[in-house]
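Computed from a predicted model, the values in this text were never measured in an experiment. The chains referred to below are lettered A, B, ... by the order of the sequence lines, with proteins before strands, and numbering in each begins at 1.
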Number of protein chains: 2
Amino acid sequence: MIWIKTSDLISLLREKGKKVTPQRLAICQEVFSRDDHPSVEQIYLNLKNKYPTISLATIYKTLQLLKEKGYLQEVGTSNGSVRYDPNRNLHVNLVCTKCGEITDVIPKTLPQMWSVLTSDLGIEPQSQLLNIYYTCKKCGKIGIIPNV
Amino acid sequence: MIWIKTSDLISLLREKGKKVTPQRLAICQEVFSRDDHPSVEQIYLNLKNKYPTISLATIYKTLQLLKEKGYLQEVGTSNGSVRYDPNRNLHVNLVCTKCGEITDVIPKTLPQMWSVLTSDLGIEPQSQLLNIYYTCKKCGKIGIIPNV
DNA sequence: GTAACTGCAAACGCTTTGCACTCCC
DNA sequence: GGGAGTGCAAAGCGTTTGCAGTTAC
């Protein structure tokens with residue numbers, strides 16, 4: 001979860017020459033207050049209560065904006081739709097291959113080994129996406145034979 | 001690049017109770033003989049010369065099959081279409097954020113640090129996707145101001 | 001006041017599906 | 001021979017776009 005104050009959000013948008021609209025604030029607050037990896041649909045459904053007229057187009061446009069500015073990253077797709085990750089810090093996504101649930105973890109050893117690795121490669125990463133595919137405990141317990 | 005003999009491919013398919021068709025062989029050979037990360041469209045165009053009647057549907061179905069069986073991994077999307085990686089071994093994808101080119105690298109230190117990391121996490125990864133987003137040398141040289 | 005934003009609907013493009021025909025086993 | 005696979009066309013669905021009306025500044 002990324003804690004961000006509304007006032008900071010406003011100056012963030014203004015800084016970029018972008019207008020601060022209620023819709024944008026709502027979308028940002030929704031995205032950055034979650035600690036999961038929502039799809040556009042999930043964001044839309046959650047906002048529809050408070051903003052009944054909000055449209056998918058606006059959400060797509062705002063997420064596009066946040067992605068371009070580097071505040072958001074795509075974590076891959078699940079059931080055909082993109083999932084977003086508000087956490088741009090170095091971390092690992094544990095992706096359950098059965099239920100699709102994504103959990104963030106930051107292994108203690110990760111920061112140091114990652115800096116060694118990237119300096120070995122001689123590149124300056126803008127960002128990274130580290131997904132580990134596994135079977136989560138919940139799904140591991142259930143004795144369903146996967147249909148593969 | 002994954003070197004795989006046609007005879008191995010055939011027994012691989014048979015093993016899984018799948019029929020060996022010329023189309024499937026062609027698709028497999030196309031995918032596994034490349035060392036880039038082709039889209040469905042690229043595979044289709046390359047095969048159309050030799051198999052003028054091959055259809056996108058068949059390619060989609062075959063790639064789906066290979067993915068289910070674990071011989072292929074999605075590396076994310078570029079321009080709206082999925083890119084596939086025939087390399088299921090532990091490696092890093094260097095993804096240029098400007099031209100979209102993807103390069104595989106295997107840092108010397110990676111295998112050991114990765115096994116430390118996963119054992120720390122106490123999980124058994126089925127696979128992983130390690131993408132590093134950067135600007136490749138070709139794009140870094142060109143003095144275009146990114147429109148972001 | 002005006003340029004940017006919203007939201008609707010239509011368009012778009014990648015992917016999946018249904019189905020008749022074909023072919024591997 | 002029979003069931004699985006192919007390929008065509010159509011449908012599906014997430015996403016983008018055009019545009020008229022609205023709003024932030």
Answer yes if the side chains of [X] and [Y] hold a donor-acceptor pair under 3.5 Å, and no otherwise.
| X | Y | value |
| --- | --- | --- |
| A/Gln126 | B/Thr135 | yes |
| B/Asp104 | B/His37 | yes |
| A/Tyr133 | A/Asn131 | yes |

Contact nearer the 5' end of DNA chain C, comparing B/Val40 with A/Tyr51: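 Checking each residue's closest nucleotide, the 5'-ward one belongs to A/Tyr51.
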
Donor-acceptor pair under 3.5 Å, A/Lys19 side chain vs C/dA3 base: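 Counting by modelled atom types and ignoring angles, a donor-acceptor contact under 3.5 Å is found here.
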
Pairing of A/Glu74 and A/Lys67 as salt bridge, 4.0 angstrom limit: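 Salt bridge present between A/Glu74 and A/Lys67.
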
For the side chain of [X], starting at C-beta, report the closest nucleotide among [options].
| X | options | result |
| --- | --- | --- |
| B/Val20 | D/dG5, C/dT6, C/dC25 | C/dC25 |
| B/Tyr60 | D/dC8, C/dC14, D/dT16 | C/dC14 |
| B/Thr58 | C/dT6, D/dG7, D/dT15 | D/dG7 |

If only side-chain N and O atoms of [X] are considered, is one of them under 4.0 Å from the OP1 or OP2 phosphate oxygen of [N]?
| X | N | result |
| --- | --- | --- |
| A/Thr21 | C/dA4 | no |
| A/Arg14 | D/dC25 | yes |
| B/Ser55 | D/dT6 | no |

Side chain A/Gln29, main chain A/Ala26, donor-acceptor under 3.5 Å: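 Not at all, since once roles are kept as given, no pair shorter than 3.5 Å links the two residues.
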
Comparing B/Ala57 and B/Gly17 on DNA chain D - which has the more 5′ nearest nucleotide: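 In this pair, the answer is B/Gly17.
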
Flag side-chain contact, heavy atom, 4.5 Å: A/Pro125 against B/Tyr134: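 They are not in side-chain contact.
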
Using a 4.0 Å heavy-atom cut-off across all strands, classify [X] as base, sugar-phosphate, or nothing.
| X | answer |
| --- | --- |
| B/Lys61 | base |
| A/Ser81 | sugar-phosphate |
| A/Ile54 | sugar-phosphate |

Degree of bending, the helix from C/dG1-D/dC25 to C/dC25-D/dG1 (end axes from five pairs; round to 10°):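 Taking the rotation axis at each end, their angle is 40°.
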
Distance in angstrom units between B/Leu56 CG and C/dT16 P, rounded: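 Taking CG of B/Leu56 and P of C/dT16, I get 11 Å after rounding.
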
Length of the line joining B/Tyr44:OH and D/dG7:C1', which is rounded to integer Å: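 Result: 10 Å.
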
Over all atoms of both residues, closest heavy-atom pair of A/Asp36 and A/Pro86: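 Heavy atoms of A/Asp36 and A/Pro86 come nearest at O-CD, 3.9 Å.
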
